[in-house]
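Below: one structure, written as structure tokens.
In this text the structure is predicted, and so the values were computed from the model without any measurement. Numbered from 1 within each chain, the chains take letters A, B, ... in sequence-line order.
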Amino acid sequence: MIRLEEHIKIATAEAIVELYESEVDPNNIQVQATRKDLTGDFTLVVFPLLKISKKNPVLTGEEIGKKLTEKIQEIDSFEVVKGFLNLNLKAAFWVNYLNSILTSEKYGQKCADENAPLVMVEYSSPNTNKPLHLGHIRNNLLGFSVSQLLKATGKNVKMVNLVNDRGIHICKSMLAWQKWGEGATPESTGKKGDRLVGDYYVLFEKALQQQIGELIEQGTDKETAVKNAPLLVEAQNMLRKWEAGDDIVIDLWKNMNAWVYKGFDKTYADLGIWFDKIYYESETYKLGKNLVVKGLEDGVLYQKDDGSVWADLRDDGLDEKLLLRSDGTSVYMTQDLGTAHQRYSDSAFENHVYVVGNEQIYHFKVLSIVLKKLGYEWADLLFHLSYGMVELPEGKMKSREGKVVDADDLIREMVESAAEVSNELGKLDNFSDDEKNTIFKQIALGALKYFILKVDPVKTMLFDPKESIDFNGNTGPFIQYTYVRIQSVLRKAREQGIEIPIQLDSSTDVSEKEISLIRKLYEYPDLLNEAGNQYSPALIANYLYDLVKEFNQFYQHHQIIKEDNATKRAFRLALSNFVAKNINDGMSILGIEMPERM
RNA sequence: GGCCCCAUAGUUCAAGGGAUAGAACAGAAGUUUCCUAAACUUCAGAUUCAGGUUCGAGUCCUGGUGGGGCUACCA
């Protein structure tokens, strides 16, 4: 169905030719939804046309309004307010619009076939040395949601994860376990695997700091102490052994990683997210090394006297960037070069989105430039979707100071408070414990996900653990609740044998509130598109909130199944049903499940 | 020092260069013989500052202030 704004733009361009004998590109004509507090459906902004009409805004608006009313049958009347031409449509237009979308399977969405462009989305990218925290939650939710959003706009999406399973930091927790672990396992301690390994990392850092302190006390200067502390040297040795494939080190590494993955899998499952493929740094860093060596041979990179390999980015306004250490081991950048190359070989993508925090903007800038230098044109297809940090009231989360909000703890606490609120309301008293627990989880995660996703990704956001996430107001549960109410009405209608129509009578008498609800629905296809272009689930979240608010007002003031007039009743049922469907579609892009009752 | 990002009610968030800057929470006051009151209705309250571009600026440009990030042989 063609959008009416397009009609209006084209008709306006025609009107301008007829009235003022001047050609205007319809795309330059501004048509927007009329402000909510004024009467009208669409508004034509006439200011930009004054240069052409050489008349005052009111007169210009009147003249164009008259022409448009003649040209477009859907227009009922118009009104010029200041420089704005407000167009009032016939109610039948909106009823017909609803009618035309009523049976659409995926309203506003584009379905991807095999020929649709492939977008790779990397998100999560955890380190195996610490459990997931609130920052990762933002990453995971954003990455998953953006993936769903891109799917809804007609892309084939491959969700990938990159596990940081190698490097000096991993050796630190391994070493600590070896020294002080006394054979502890997740089974023997009852701790989640990622938590257990994380604890050894913390232990290592503490011991290392202490050691450094002692060295300084004994008269070593600070720089040397930090560089040469025995524990650190030991960890570095271990990393070299790891890269050399030492059996004992590799065995230990495999063992501990397996614990961590099991723990991560649980957290991912709780969050309701997954990946199509998982890449491991341990498998790609060598590819990166090869690329670097080749770049060195080709003279694109250079080697310093100590053997370290660098890229010179000074011509690009950046600095020199280390790609291989003097001892030949790789850094983060090295493996990311390899990973990117691997992925493009796996499947040539149209676009590769990295969902990674904004503290790595520099890293991804360098990544693209270095790949380009190495001769890979597809470096231009990489896009860093950088998002802001999640801060606590006292500032940034700091793992080392224990100032983190653990992901598992947070999810558990959310479920607990959802249960508390729900039990207080007592609406689920007749349900089994299993059913209740499912619903508590849906509500808890709905609240958490919506809370995080409604915020514009680029912005730093604040999370106050003391003021736990709300279930009232602009929240996930508010949206879920509206959905549940609609389901309840529909259920009752079915029980009474009232059918939900798929065809509407265009002469149905509809109220202003009903029209504004359809108007809201009308916005969705464009909004979805825009959200996809901007990689912003926040736009979807805000749309859903507006829609639901609109519906609740309608619900408050209109009866649905109790309406006596059968035509009106049918219309309201169809409208409610469609709103519920739209809520469900939108929320599933946010990765939020809908309960049927709550 | 250099580069990048952010700044809107007491608080947390909205607002594709367009009209009187929207919500929510917190605060004050209402609405259940009626399809789920996790709702609805009132009230009160904000664009960091100074310039500029424009018919029109929260939005674009320049500068200042404030906050954050990056600038590692960490990731």
Atom-to-atom span, [atom1] of [X] to [atom2] of [N] - whole angstrom:
X	N	atom1	atom2	result
A:K130	B:C74	NZ	C1'	10 Å
A:K55	B:C55	NZ	C1'	19 Å
A:Q559	B:U33	CD	C1'	13 Å
A:E563	B:C35	CD	P	15 Å
A:F554	B:U36	CZ	P	14 Å
A:Y362	B:U71	OH	C1'	7 Å
A:K51	B:U54	NZ	P	10 Å
A:K36	B:A21	NZ	P	16 Å

Tell me whether B:U32 sits syn or anti, counting syn as a glycosidic angle within 90° of 0. syn

For [X], report the nucleic acid contact type (base, sugar-phosphate, nothing); a contact means any heavy atom under 4.0 Å.
X	answer
A:V421	base
A:T482	nothing
A:F451	nothing
A:V45	base
A:V31	base
A:L462	sugar-phosphate
A:P57	nothing
A:L324	nothing
A:Q360	base
A:F478	sugar-phosphate
A:L318	nothing
A:N529	nothing
A:M598	base
A:Q30	base

So, taking the atom named CE in A:M238 and the one named CD in A:E243, what distance separates them when rounded to the nearest 0.5 Å?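 Separation between the atoms: 13.5 Å.
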
Return the stems involving RNA chain B, sorted by first number, where pairs are Watson-Crick (N1-N3 with N6-O4 or O6-N4) or G-U wobble (N1-O2 and O6-N3), both under 3.5 Å, and runs are 3 or more long.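 Runs of three or more consecutive pairs: B:1-7 with B:65-71, B:10-13 with B:22-25, B:27-31 with B:39-43, B:48-52 with B:60-64.
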
Classify the side-chain pair A:Y332/A:Q360 by whether it contains a donor and acceptor separated by less than 3.5 Å.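 There is such a pair between these side chains.
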
Report yes or no: do A:N552 and A:T482 form a side-chain donor-acceptor pair below 3.5 Å? yes

Which residue lies toward the 5' end of RNA chain B, A:I168 or A:A33, if each is placed at its nearest nucleotide?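 Nearest nucleotide further toward 5': that of A:A33.
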
By nearest nucleotide on RNA chain B, pick out whichever of A:R491 and A:F47 is the more 5' one. A:F47

Starting the side chain at C-beta, find the nucleotide from [options] nearest to [X].
X	options	answer
A:Y481	B:A37, B:C40, B:U20	B:A37
A:Q553	B:A75, B:U41, B:C4	B:U41
A:R325	B:U36, B:C40, B:A75	B:A75
A:V458	B:A75, B:C6, B:C55	B:C6

Distance check: side-chain N/O of [X] vs OP1/OP2 of [N], anything under 4.0 Å?
X	N	result
A:R485	B:A37	yes
A:K549	B:A24	yes
A:K396	B:G67	no
A:T460	B:C6	no

Which whole number of Å gives the distance between the [atom1] atom of [N] and that of [M]?
N	M	atom1	value
B:G17	B:U59	P	12 Å
B:G67	B:U31	P	48 Å
B:G18	B:C13	P	24 Å
B:A15	B:A7	C1'	15 Å
B:A9	B:C55	P	31 Å
B:A44	B:C5	P	39 Å
B:G30	B:G68	P	44 Å
B:U12	B:U36	C1'	28 Å

If you go through the side-chain atoms of A:T43, does one of them form a donor-acceptor pair with the base of B:A19 closer than 3.5 Å?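 Side chain to base: pair found, below 3.5 Å.
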
May I ask you to verify whether the side chain of A:D319 and the base of B:A72 hold a donor-acceptor pair under 3.5 Å?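 No.
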
Have a look at A:K520 and tell me which of A:D41, A:D526, A:D546 forms a salt bridge (charged side-chain N to carboxylate O under 4.0 Å, His left out) with it. A:D546

Taking the six-membered ring for Trp, are [X] and [Y] closer than 6.0 Å centroid to centroid?
X	Y	answer
A:F478	A:Y481	no
A:W253	A:Y280	no
A:Y123	A:Y387	no

Is A:F84 stacked on the base of B:G18, meaning ring centres closer than 5.5 Å and planes within 30 degrees of each other?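 Check failed, A:F84 does not stack on base of B:G18.
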
Please lay out, stage by stage, how A:R325 and A:D327 fare under the test salt bridge (Lys or Arg N to Asp or Glu O under 4.0 Å). CA-CA 5 Å; A:R325 294 191 185 99; A:D327 66 0; 5.2 Å; no

For A:K459, does its backbone N or O pair with a side-chain atom of A:D456 as donor and acceptor, under 3.5 Å? no

Have a look at A:N237 and tell me which of A:E234, A:K241, A:R240 forms a side-chain hydrogen bond (donor to acceptor under 3.5 Å, both in side chains) with it. A:R240

Do we get A:R166 above A:Y285's six-membered ring, with its NZ or CZ under 6.0 Å from the centre and within 45° of the axis?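 Yes, a cation-pi geometry holds between A:R166 and A:Y285.
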
